[in-house]
Q: 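Quick one: structure below, then a few questions.
This chain uses plain numbering: 1 for the first residue, then up along the sequence.
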Amino acid sequence: MMFLILLELNGRPADQYPDLERAIKALGNWSNRLRGQWIVESRFNASQIRDLLKPHVVAGQDRVFVGRLTRNWAGSNMGDGFQEWMNRRNFDAPK
């Protein structure tokens, strides 16, 4: 399944979240072409992803949103290879 992860990191400077970045990358195939936003292909559901990321953010200051993506998407000026990368992803729920 594909997910959009939105982050608003207020607790400390953005470059001081290396464990958060590692946790996101460990979820599966990922892209972070927009600041504070990640697209991730993962076997976990949205609540599980949120719970896996919560220990890596500052409670009460940082915000995390995780939503499932469908094949109905569009982008502009996303960089070389982005459309092909998205087209190779699995948007379906596990059976």
Side-chain angles (χ1 to χ4, degrees):
M1 292 183 291
M2 295 295 291
F3 294 91
L4 177 64
I5 300 172
L6 304 176
L7 303 168
E8 184 179 293
L9 304 175
N10 302 309
R12 55 184 175 247
D15 63 345
Q16 293 183 12
Y17 289 86
D19 294 335
L20 175 60
E21 183 172 321
R22 279 193 286 278
I24 293 170
K25 289 179 176 181
L27 294 169
N29 290 309
W30 57 271
S31 176
N32 67 334
R33 294 175 184 242
L34 298 169
R35 187 179 349 201
Q37 301 178 29
W38 295 73
I39 297 173
V40 177
E41 181 179 22
S42 183
R43 62 184 174 86
F44 298 107
N45 67 36
S47 296
Q48 292 169 320
I49 292 171
R50 177 206 57 211
D51 292 345
L52 288 167
L53 300 182
K54 280 173 64 174
H56 306 291
V57 298
V58 178
Q61 294 183 41
D62 294 335
R63 294 179 178 200
V64 176
F65 173 86
V66 181
R68 184 163 170 222
L69 289 175
T70 67
R71 290 190 188 278
N72 184 15
W73 63 270
S76 176
N77 199 27
M78 294 299 292
D80 293 339
F82 180 78
Q83 183 169 343
E84 292 80 13
W85 183 85
M86 287 291 285
N87 288 334
R88 291 192 311 267
R89 305 285 59 94
N90 180 7
F91 287 81
D92 300 325
K95 295 179 174 139

Q: In a check of side-chain contact (heavy atoms from CB on, under 4.5 Å) between R89 and each of R71, M2, M1, which one passes?
A: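 Exactly one option meets the side-chain contact (heavy atoms from CB on, under 4.5 Å) with R89, and it is M2.
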Q: Kindly indicate whether the side chain of R22, heavy atoms from C-beta on, has any atom under 4.5 Å from the side chain of H56.
A: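 The answer is no, as the side chains (C-beta and beyond) never meet within the 4.5 Å cut-off.
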Q: Between E8 and F65, is any pair of side-chain heavy atoms under 4.5 Å apart?
A: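 With C-beta onward as the side chain, the pair stays apart.
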Q: So F44 and D51, do their side chains get closer than 4.5 Å, heavy atoms only?
A: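 In short, these two side chains do not touch, never coming nearer than 4.5 Å.
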Q: Indicate yes or no: does R88 engage E84 in a salt bridge with an N to O separation below 4.0 Å.
A: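 The answer is no: the pair does not qualify as a salt bridge.
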Q: Rounded to the nearest 0.5 Å, how far does CG of L20 lie from CG of L52?
A: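 Here the rounded value is 11.5 Å.
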Q: Below 4.5 Å, heavy atoms only, C-beta onward: do I5 and V40 meet side chain to side chain?
A: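 Side-chain contact under 4.5 Å: yes.
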Q: If you look at every heavy atom in L6 and Q37, which pair is closest and at what distance?
A: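 Looking at all heavy atoms of both residues, the closest pair is CD2-CG, 3.4 Å.
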Q: In this structure, which one of D15, V64, V57 forms a side-chain contact (heavy atoms from CB on, under 4.5 Å) with L9?
A: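 Of D15, V64, V57, side-chain contact (heavy atoms from CB on, under 4.5 Å) with L9 is met by V57 alone.
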Q: Side chains of N32 and I24: does their closest heavy-atom pair fall under 4.5 Å?
A: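 When only atoms from C-beta onward are counted, I24 and N32 do not touch, as no gap falls below 4.5 Å.
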Q: Within the supplied structure, the quantity of interest is the number of heavy atoms (other residues, nucleotides, ligands) at a distance under 6.0 Å from R63 CZ; does it exceed 12?
A: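 Atom CZ in R63 is not crowded, with 12 or fewer foreign heavy atoms closer than 6.0 Å.
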Q: One pair to check against side-chain contact (heavy atoms from CB on, under 4.5 Å): D62 and L7. What are the steps and the verdict?
A: CA-CA 7 Å; D62 294 335; L7 303 168; over 6 Å; no
Q: Looking at every non-hydrogen atom in both residues, tell me the closest pair between R33 and M78 and how far apart they are.
A: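 Looking at all heavy atoms of both residues, the shortest contact is NH1-O, 2.6 Å.
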Q: Nearest 0.5 Å, please: how far is CZ in R50 from CG in N45?
A: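 N45 CG to R50 CZ: 9.0 Å, rounded to 0.5 Å.
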Q: Do the non-hydrogen side-chain atoms of I39 and F82 ever get within less than 4.5 Å of each other?
A: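 Yes, side chains in contact.
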Q: Which atom names give the shortest non-hydrogen contact between Y17 and N10, and what distance separates them?
A: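 Reported closest heavy-atom pair: OH-N, 4.2 Å.
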Q: Would you give the length of the straight line joining atom CZ of R43 to atom CG of L27, rounded to the nearest 0.5 angstrom?
A: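 Atom-to-atom, R43:CZ and L27:CG are 9.0 Å apart.
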Q: Please tell me whether W85 and L4 are part of a single hydrophobic cluster in this structure, the criterion being side-chain heavy atoms less than 4.5 Å apart.
A: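 Yes, one cluster joins them.
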Q: Taking all non-hydrogen atoms of both residues into account, name the closest pair between K25 and W30 and its distance.
A: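 Nearest pair, atom of K25 first, then W30: CE-CZ2, 3.3 Å.
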Q: For N87, I'd like to know if atom CG has over 12 heavy atoms of other residues, nucleotides or ligands within 6.0 Å.
A: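 Yes, CG of N87 has more than 12 neighbouring heavy atoms, counting only those of other groups under 6.0 Å.
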Q: Can you name the nearest heavy-atom pair linking W38 to E21, along with the distance?
A: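 Heavy atoms of W38 and E21 come nearest at CH2-CG, 3.7 Å.
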